[in-house]
Amino acid sequence: VTSFWYLMHAEWTKFRTVRGWVVAVLLTIAATTAFVFVATGASSSCVGPSGPSACPVQPTGPGGVPVIDSFYLVHQPVTGNGMITVQLTSLTGQAPWSKAGIILKENTSEGSAYAAMMVTGSNGVRLQWDYVNDTPGLAGGVSAAAPRWLRLVRDGGTITGYDSADGARWTLVGTAPLPGLTSTVQAGLFAAGSYYDSSSCTSDSSFCTQATGVFRHLGLSWPATGWAGTTVGGGPNSGLPVPGTFRQGAGTLTVASYGDIGPAAGNAYGGTGQSLQRALDGTFFGLIPLIVVAAMFMTAEYRRGLIRVSLAAAPRRGWLLAAKAVVIGAVGFVAGLVAAALSLVVGTHLMHGPMAWPVSLLTEARMVAGTGVLLAVAAVLALAIATIVRRSASAIAIAIVVTVVPYLLAFHPGSQPQGSGPGGGGGWPLQVTPAAALSLQQAVPQFHQLLAVYPLVNGYYPLAPWAGLAVECAWAAAALALAFFLLRRRDA
Amino acid sequence: MSLTVRVTSPRYAARQALHAEWTKFRTVPGPAWLLAGIVALTVAVGVAAASAARCQSATCGIDPATVSFTGIYPGQAAAAVAGVLAIGSEYSTGMIKLSLTAMPRRLTWFAAQAAVLTATVLTASVLAVAGAALAGRLILPGHGFTRAHGYASLTSATDFRAAVGAAVYLTLIALLSLGLAAAVRDSAVAIGLALGMLYLFPIAASLVSNPTLARHLDQIGPLPAGLDAQATTGMKTLPLTPWQGLGAVTLWTLGALLLGALTLTLRDV
């Protein structure tokens, strides 16, 4: 162990005493940070039917998250604790997430807190609250033969959802904490057609399908004061093609409406503002000098015949490779960490225009540390490739082609996944290559309950952050293993 | 004819230089592998992209030539390495001293290097592009690139122009890298510069939020300009026309070669 420590120290000395390499690492940091000024320089404008226009103000929900809150609500005010129960016998709506059910909502303004029990087009019963939260209940569709009973129970700032197939045996679906909920809230029925694949829309609107829910046996534990119908978010920009409707028949209540209640993300509902990830776009500019240095850290040994001296000093060849990997990995990590931290600080100050999504401190920490890890593993991969091919030009070219070029290919026609759905943009190039680890920088969340397109250009990657990192690590590990095997087998 | 006359005759010197460089080229295995790499990468990635591409309607807006030639993205890295190593390996092994002692006319030597590189890379590029185009021709009609979707034929004059553009582009990139390597005299730095120049322009163009700046980056960068030469659809929206695009790449290449030639003549080796 002591000798490994000495070996690492020796490799570190080799690294820091080559002026060109130190300059290249500084260039990595500078290039990454400098690109922030270009990337965030111009404020994004929205493109309307008649050219660029001012961006409409995006409604926000609790916590400042951008939301869509446009639907038809049949409601009455209720005060204090209580319960609302209903039987749903039919839901017609084309979209998988078209929805109808019961809701407790703070008030009828856009973005107010809510919790709702609903039946969806093809995702069964759901408890959703405050736009981003979604918990599954009973699976399967709804019909007159197989109705669904839904119940919401309010207890102070907590709302609990239950569902039942027969109205007798109830199952707990989940609990929605709505801190700070006012004493008087609106209780009632709602329907929302939900976002559907925009390519099948004939109008400009995001909403091309209507949901119609047929309810029976509506029960309130609060005193009834009479139902009123309101189009929530019914301003001129609501995007609802026609207002919703409420009909009372023989024992049935029918609510029909376009619209949706949920997060505005991906390309849906104008959720395409700037992502904080934009501040880290300079990573590509930092990757290239770092890869050059990492490859030269090994090829320089071969070029001057230094490798014979190094291996004479460290006859256990694997240790030499390990020491170099640790040193170059640490250099890459620190460079990435510093560059990302600087970029985020500068980027946060420079960005104007609508932000796509508020970014939590935890996410920012993951983005900064992730950039460090991304560069560290890329440097180790370049070192391993250099050990395998032993020629700097070829090694650098291979390393750049596998870590940088996939991002370009991801923008290429043919790589883009068709249609919509969660999973992110970019397709195979960012799933199977070392560039998959760029997903560590994703700042905007995806939602399974929102069938939008999640395009790469808006900062969505096809893999989850840790899955992307795992792909890059797998490549680096495989390359290191081959490098170790060849270094031991070949003459120096 | 005396010895002095033979040595000072520029035409004979050029022929000798060419012959010498050709001998160097064909007697080491490295360059042949790189040329094979250009063909393999261009065709393999082209096949993969064509297999993944789908055109489901007449408005899918995908350029079939762009899909077939996706392999140009990694393929040009092999071409760049070939260009860099042609000069870079002379410097890294110290061979340059011997070469310039045998051939004191440095520009003649440099021109011979460029000529051998052009001939070999152009041959490999033609093979690579022909393979990729053929693969696209065979695969794409089965994936919705049909007459019904507005793709009348994949073998028109436009497609031929795109293929020629792609092959010439690869060759120009090899020459550009040769010039850079002569200018910086270090393989590692030269390949880093060359690939940075190629790949960072289009990445920057796709990332900046200002559309005017993005369009200018697409006009300036050698890679996006080269892509314009490979386009067959949507010609009206291209940042540059195909021939302007090829012209922009040529300007980059001439600039790099000039820089390399100046460094070679003005500096000690």
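Each chain gets a letter, A, B and so on, in the order the sequences are listed, and its residues count up from 1.
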Run the side-chain contact (heavy atoms from CB on, under 4.5 Å) test on B:Leu200 and A:Phe35 for me, step by step, so that the C-alpha distance in whole Å, both residues' side-chain angles and the decisive distance to 0.1 Å come before the verdict.
CA-CA 11 Å; B:Leu200 291 184; A:Phe35 190 68; over 6 Å; no
Taking atom CZ as the centre, does B:Arg267 end up with more than 12 heavy-atom neighbours from other residues, nucleotides or ligands that are less than 6.0 angstrom away?
no
Is chain A contacted by the side chain of B:Leu213, its backbone, both, or neither, given a heavy-atom distance below 4.5 Å?
side chain
Region of B:Ala80 that comes under 4.5 Å of a non-hydrogen atom in chain A:
neither
Name the option with the most non-hydrogen atom pairs under 4.5 Å to chain B; the candidates are A:Ala295, A:Ala397, A:Ala300.
A:Ala397
Chain B: which of A:Gly20, A:Ala395, A:Ala393 shares the most heavy-atom pairs with it under 4.5 Å?
A:Ala393
Should B:Tyr199 and A:Val401 be marked as a side-chain contact (heavy atoms from CB on, under 4.5 Å) after you check the CA-CA gap, both sets of side-chain angles, and the distance that decides it?
CA-CA 9 Å; B:Tyr199 294 132; A:Val401 164; 4.1 Å; yes
I'd like to know which of B:Ala77, B:Gly196, B:Ser206, B:Ser187 tops the heavy-atom pair count under 4.5 Å against chain A.
B:Ser206
Among the options B:Leu41, B:Val189, B:Asp186, pick out the one with the most heavy-atom pairs lying under 4.5 Å from chain A.
B:Asp186
Contact class of A:Val404 relative to chain B, heavy atoms under 4.5 angstrom:
both
Give, as side chain, backbone, both or neither, the part of A:Phe284 having an atom under 4.5 angstrom from any heavy atom of chain B.
both
Which residues satisfy the side chain to side chain donor-acceptor pair (under 3.5 Å) test with A:Gln441, sequence neighbours excluded?
A:Thr283, A:Thr371
Hey, what do you get for CG (A:Leu287) to CD1 (B:Ile203), rounding to the nearest 0.5 Å?
9.0 Å
Rounded to the nearest 0.5 angstrom, the CD1-CG distance for A:Ile288 and B:Leu193 is 9.5 Å
Does any N or O in the side chain of A:Arg391 come within less than 3.5 Å of the main-chain N or O of B:Gly30, such that one atom is a donor and the other an acceptor?
no
Which one of B:Val84, B:Leu85, B:Ile191 satisfies the side chain to side chain contact (heavy atoms under 4.5 Å, CB included) criterion with A:Ser394?
B:Leu85
